[in-house]
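In what follows, a structure is listed as structure tokens, so that the remarks can point back to it.
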Amino acid sequence: MIGERFRRYFGVWPLAIASAPGRVNLIGEHTDYNDGFVLPMAIDRRVTVAAAPRVDDQIVAFSEEFNEQKKLPVRGATSAPSRAWDAYVTGLCRTLEASGIRVPGMSLLISGQGVPTGAGLSSSAALLMALARALSSAMRIGWEPLKMARLAQRAENDFVGVHSGIMDPVASAAGRSGNAMLLDCRSLEVTYVSVPSDVTIVVMDTGMRRALSETEYNDRRATCDAAIRQIRLIAPDVRALRDVSPSLLESAVPLLPATMYLRAKHVVEENARPKALALALAAGDFDAAGRLMNASHASLRERYEVSSIHLDIICDVARDHFACHGARMTGAGFGGCAIALVRTKDVDQFIRQVQPQYEARTYQRATFFAVKGDDGARLEAS
Ligand code: GLA
């Protein structure tokens, strides 16, 4: 147990232990930073953090996954953004301090084995939210999941240098067992969407880790912002691509360079899919749900250009299986994971047959596993 490992490492028992889930996004990709809708599901793969205050003023963190201890520079001059695991911890502590929450000296043990890193399952949001939950408890401050999700987003933006949206921290903060969540990224209103037991989400990890993803991701965001500036020339009231209807987008064609138009078209159409998928799942219309997932993937591949050969192949072989209703990449793209909507009674067979087909076509090892909707950040017993 993590409490025992903490005691062996730091010589005291932890005061708080918390865990938070990774996530898959069922649909609504690259819409969150356009103020739009998303349909993520917190998954039963979690990061756990144990914490105890220290007598000195230092933040000392040990990552089991990286087998590495760091004394974190939480006070004083800031350093350049970094993608290393400790940048997330430093970033969250600094962001808490900037928001007026003083972080005392703390020993932290981080156990991330459940969520693979760099796979697009949001191990970073899981780490940030598990840490936020553990610190809130150890520091005896009330737990406000959405407020902490916003602070976690700021920490990643400012200290890791990825301009990620609000979807992942909210999914990790506020998930609910057995459910996906329809999230309005402007108001942060959440509507839970029960995933019927007849279907299961299967994660298909291509084995390829994302390359150049930060640069490409930040570039897509900048293109969306530029598109909005252009569209405002004819529709001054729109604030984000979420406010742009398909017909308004068509009227703006003369103002938009070809690539910018394609990016915007993806966002405008994708923004309608989370509600449509929620309805299809509620109605038990899994073929319609699958078609929405396939359409989302095609748009991400052709218009938003964030898929990859491996993601395309893994979705193709999945779709060819009789038990699969639909498949798409999930998360930012450029490698990492895809998901398939699979008939629950045939999940084992699906995995047994599709995984080797992908591996035979790509000479790349894959990992397939079924996931269930899980609860957001929570305290754990020691
Ligand atoms: C990453 C980001 C999210 C979101 C997705 C794309 O996961 O962290 O905020 O933008 O990409 O939908």
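Ligands are counted one by one from 1 in listed order, and the atoms in each one are counted from 1 as well.
- Counting heavy atoms closer than 4.0 Å to ligand 1, residue Glu270 contributes nothing at all.
- In this structure, Arg23 has a heavy atom closer than 4.0 Å to ligand 1.
- Shown here is Arg303, whose CZ atom has more than 12 heavy atoms of other residues, nucleotides or ligands within 6.0 Å.
- For Asp168, a nitrogen or oxygen atom sits less than 3.5 Å from a nitrogen or oxygen atom of ligand 1, counting backbone and side chain alike.
- Follow the hydrophobic side-chain contacts under 4.5 Å out from Met260 and you reach Leu255 in the same cluster.
- Using a 4.5 Å cut-off on side-chain heavy atoms (C-beta onward), Leu188 and Arg150 make contact.
- Residue Met167 has no nitrogen or oxygen atom sitting less than 3.5 Å from a nitrogen or oxygen atom of ligand 1, judged on distance alone.
- At a threshold of 4.5 Å between non-hydrogen side-chain atoms, the residues Val306 and Tyr217 do not count as touching.
- At a threshold of 4.5 Å between non-hydrogen side-chain atoms, the residues Asn157 and Ser164 count as touching.
- On a distance-only criterion, Asp32 and ligand 1 share at least one N/O pair closer than 3.5 Å.
- Two residues are said to be in side-chain contact when any heavy atoms from C-beta on lie closer than 4.5 Å; Cys337 and Val24 fail this criterion.
- Distances below 4.0 Å separate heavy atoms of Tyr33 from the following atoms of ligand 1: 10 (O).
- Taking a cut-off of under 4.0 Å to the non-hydrogen atoms of Tyr217, the atoms of ligand 1 that pass are 1 (C), 2 (C), 3 (C), 4 (C), 9 (O), 10 (O), 11 (O).
- Atoms of ligand 1 lying under 4.0 Å from at least one heavy atom of His30, given by number and element, are 6 (C), 12 (O).
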